[in-house]
Amino acid sequence: MRISKLFGKTQREIPAEAETISHQLMLRTGMIYQVAAGIYSYLPLALRALKKIENIIREEMDAAGGQELMMPVLQPLELWQETGRDRAFGKGLFTLHDRKERNLCLGPTHEELITKLVSYYVHSYRDLPQLLYQIQTKFRDEPRPRGGLLRVREFTMKDLYSFDADEEGLNQNYHRIQQAYQNIYTRCGLPILIVEADSGAIGGKDSDEFMAITEAGDDEIIYCSHCQYAANAEKAQSLKTKLDSEEPLPLEEVKTPNAATIEEVSRFLKVPSHHTLKAVFYIADGEFVFVVIRGDIEVNEIKLKNVLKCSELHLANEAEVTQSHIIAGAASPVDISNIKIVADSSVTPGVNFVAGANKPATHLKNVNYPRDFQADITADIAKAHAGEACPRCGNQLRVTHGIEVGHIFKLGTFLSEKLGTFFIDANGVSHPIIMGCYGIGIGRLLAAVIEQNHDAQGIIWPMAIAPYQIYLCPLYMDDPDIAAAAEKLYKELIAQGFEVLFDDREESPGVKFNDADLLGIPIRVTISPRTLKINSAEIKRRSEKEFQLVPLEELTTRLKELVSSG
RNA sequence: CGGGGUGUGGCGCAGUUGGCUAGCGCGCAGCGUUUGGGACGCUGAGGUCGGAGGUUCAAAUCCUCUCACCCCGACCA
């Protein structure tokens, strides 16, 4: 490709809109163009890289036994209502209707469709297992698109779905795809960390995320400094401060003027915050919920949402709290009736807590569970923090940020049961098919690669997904000898099968070198009167400072080595 | 949804106590001189100042409404 003809120009200045590096670089190199918040056009350079990523994914999915197919973006809303996931996605689902007023949605993912499809063709254990995948545009109306391609509303995703007759089959496929994913990220030049994850709106049991570790990421990861434990903060567990064992004492009411927050109460009564109980109020699908948790621990709303099995959850506002006759600042689970109480598992083993008394400026000492109050639900709804102890080995937990570039789920049977996707086993007994699903966001993967492969000058493409392999950079193109030599070399390299970006512009050396660095093509080949005089060309890798002079007759051999070594 | 910010040629910005024909840099077009890390000179094209309404002799500038985009938070009573 000749740069003079390439659609899309490089930009010297950083667009004001862009904050993250990958976003800035993709705009400056002319890879993407923003159409609306979280919606982009992909220009030729970006598309070439995206296609390379897609092909790597295809190769690995096929090698793992996957079969590619294609399903529509436009889907009947009814199908989503059947599984109830229209509510799970909530406002994230783009909905529309056709001329006959039939309700449709733009698919945020394709489990419903594939499950229906499989139920049409698969009826016997002999038809299982199946690994089906698609690379498709998906739509999610994200509350806040951000960071260029990091979080968008319209995106290309590879999604593979596994269908098995038993748990063992699911586990095998899960591991097989997990390995294939490792291969994909390695080939794309992207180091990743696998973390335990919450399955969110997709649903299901186990799930693991593939994280590219970078501060630009919008996911928080809790990991152990010692063992292999790593989890998304949405799901992470930790061991909290242990309480001393003591005998339960009788309830005692104390006046606590001007002490409403945990910090104030704790200071006023001279008890550590982990010896207090905090009351937090939520509205879960319209129902008021009283959450009790130890004073030093925060509520993890994702966990709470899962425990409550609700689709919409928010903190109760002042009016909602008052309406439920709760005394803010002195609320207590003791003697509360007709309100659902959820207790964190930190609460039940504790002894002699300080809690509110449901009277203004009054607290209770020596509150004990279950003597003084009971909970409708007791579960782990606690947030894990860096500095706390690892749930596996007890060593210190740390925190970092990452970009979720892949997510795999053991779905189980909830979709197949709802959509009637059953098979007959060898004994003639009917069972729901056991499912798994495995997604990779292609554009986000591309952005993550740039986040991790750049310097102050620009992108440093890994060879496998670079839009071009070689940047042919002749200096002084207004010199007819140079122009002729460059044209000849360009044709030769093309004939040899190289992917060449030919900087055929009559620009100054500075401009050309800077654009070469910005665009980040892995190998730069420079010719000039200086090199031609000694019948040579200069080869420089984008990732290295040094260049080397190579005689023209050895050039293609040398380039082949470099291209194949990555 | 809440909070903060920004909208002025393709990009980055200035101009906003109302006042002449709305500027600057980059980029773009033409000519010339240059040329191993973003050269220089001259000439030129390109803007209903996000949109609507209002105030005024006069609005990029003041008022009202609205739209878009970016950032932060989606949180402890």
Side-chain angles (χ1 to χ4, degrees), chain A residues 8-20 23-24 27-28 30 33-39 90-91 142-148 151 216 218 220 233-234 259-266 273 276-283 288-305 312-322 324 326-332 344 355-356 358 360 381-383 456-458 473-479 482 505-518 524 526-532 538 540 545 547 549:
Chain A
K9 282 193 161 59
T10 57
Q11 281 177 17
R12 199 171 293 196
E13 298 192 75
I14 300 170
E17 304 288 68
E19 193 127 307
T20 53
H23 191 193
Q24 292 176 357
L27 289 171
R28 288 185 60 203
Y33 173 85
Q34 180 165 12
V35 176
I39 302 175
K91 287 183 173 167
E142 294 286 339
R144 183 151 92 90
R146 59 173 288 275
R151 188 168 217 86
D218 56 2
E220 204 175 279
E234 293 176 347
T261 65
I262 290 298
E263 202 189 328
E264 289 160 358
V265 170
S266 156
S273 60
T276 66
L277 290 183
K278 178 158 59 179
V280 193
F281 317 110
Y282 286 92
I283 305 292
F288 190 89
V289 178
F290 192 123
V291 173
V292 192
I293 192 164
R294 229 170 66 185
D296 62 321
I297 304 175
E298 289 174 71
V299 174
N300 179 327
E301 290 187 7
I302 306 280
K303 288 184 182 177
L304 179 60
K305 205 171 160 182
E312 198 275 332
L313 180 77
H314 67 264
L315 269 179
N317 60 36
E318 219 166 304
E320 289 163 333
V321 171
T322 314
S324 301
I326 297 286
I327 315 286
S332 172
D344 180 55
N358 290 330
I381 51 167
K383 226 177 185 180
Q457 272 61 248
C473 189
L475 307 181
Y476 317 111
M477 275 294 282
D478 53 343
D479 177 337
I482 291 289
R505 300 171 300 173
E506 291 186 12
E507 287 286 353
S508 71
V511 169
K512 290 192 166 196
F513 288 149
N514 277 296
D515 270 345
D517 287 348
L518 179 61
R524 189 181 80 193
T526 308
I527 59 169
S528 70
R530 201 187 281 180
T531 69
L532 285 186
E538 235 173 65
K540 180 186 170 298
K545 280 266 170 290
F547 60 84
L549 270 174

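Numbered from 1 within each chain, the chains take letters A, B, ... in sequence-line order.
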Would you say the base of B:G38 and the side-chain of A:Glu507 have a donor-acceptor pair closer than 3.5 Å?
no
From the set B:C71, B:C70, B:G37, return the single nucleotide nearest to any side-chain atom of A:Ala37.
B:C70
Touch check for A:Lys9, heavy atoms < 4.0 angstrom, all strands: base, sugar-phosphate only, or nothing?
nothing
For B:A39, does either OP1 or OP2 sit under 4.0 Å from a side-chain N or O belonging to A:Ser508?
yes
Could you tell me how the ring of A:Phe288 sits relative to the ring of A:Phe281: parallel (under 30°), tilted (30 to 60°) or perpendicular (over 60°)?
parallel
Separation between the P atoms of B:G12 and B:G19, rounded to whole Å:
26 Å
Taking the P atom in each of B:C62 and B:A29, what is the distance between them to the nearest angstrom?
38 Å
Which residues satisfy the side-chain contact (heavy atoms from CB on, under 4.5 Å) test with A:Glu19, sequence neighbours excluded?
none
Can you check side chain to side chain contact (heavy atoms under 4.5 Å, CB included) on A:Asn514 and A:Arg12, steps first, answer last?
CA-CA 9 Å; A:Asn514 277 296; A:Arg12 199 171 293 196; over 6 Å; no
Taking all non-hydrogen atoms of both residues, which atom of A:Glu298 and which atom of A:Ile293 are closest, and how far apart?
O-CD1, 3.6 Å
Looking only at heavy atoms, the pair that brings A:Ile482 and A:Ser528 closest together is CD1-C, 3.4 Å
Side-chain contact check for A:Val511: nearest option of B:G38, B:C70, B:G25 is B:G38
What I want to check is whether an N or O donor and acceptor connect the side chain of A:Arg505 with the base of B:G38 at under 3.5 Å.
no
Using a 4.0 Å heavy-atom cut-off across all strands, classify A:Thr531 as base, sugar-phosphate, or nothing.
base
Please state whether the base of B:G36 and the side chain of A:Glu538 form at least one donor-acceptor pair under 3.5 Å?
yes
Below the 4.0 Å mark, does B:C71 have OP1 or OP2 next to a side-chain nitrogen or oxygen of A:Arg146?
no
So what does A:Ala16 touch, heavy atoms closer than 4.0 Å: a base, only the sugar-phosphate, or nothing?
sugar-phosphate
For A:Ile14, answer base if it contacts any base atom (sugar-phosphate contacts may also be present), sugar-phosphate if it contacts only those atoms, and nothing otherwise; contact means non-hydrogen atoms under 4.0 Å.
sugar-phosphate
What is the nucleic acid contact for A:Arg524, judged by heavy atoms within less than 4.0 Å: base, sugar-phosphate only, or nothing?
base
Please report the distance separating the P of B:G7 from the corresponding atom of B:C49, rounded so that it comes out in whole Å.
15 Å
B:C70, OP1 or OP2 - any side-chain N/O from A:Gln34 closer than 4.0 Å?
yes
Measuring only the P atom in each nucleotide, how far is B:A45 from B:A22? A whole number of Å is fine.
14 Å
Can you identify which nucleotide, out of B:C11, B:G37, B:C76, has its nearest atom closest to the A:Pro509 side chain?
B:G37
For B:G27, take OP1 and OP2 only and decide whether either is under 4.0 Å from a side-chain N or O of A:Arg12.
yes
Looking only at atom P, what distance separates B:G47 and B:G9, rounded to whole Å?
11 Å
Among B:C69, B:C11, B:C13, which nucleotide has an atom closest to any side-chain atom of A:Glu17?
B:C69
Looking across every strand, which nucleic acid part, if any, lies under 4.0 Å from A:Ala18 by heavy atom: base, sugar-phosphate, or nothing?
nothing
Please report the distance separating the P of B:U56 from the corresponding atom of B:C67, rounded so that it comes out in whole Å.
27 Å
Rounded P spacing from B:U55 to B:U8 in Å
27 Å
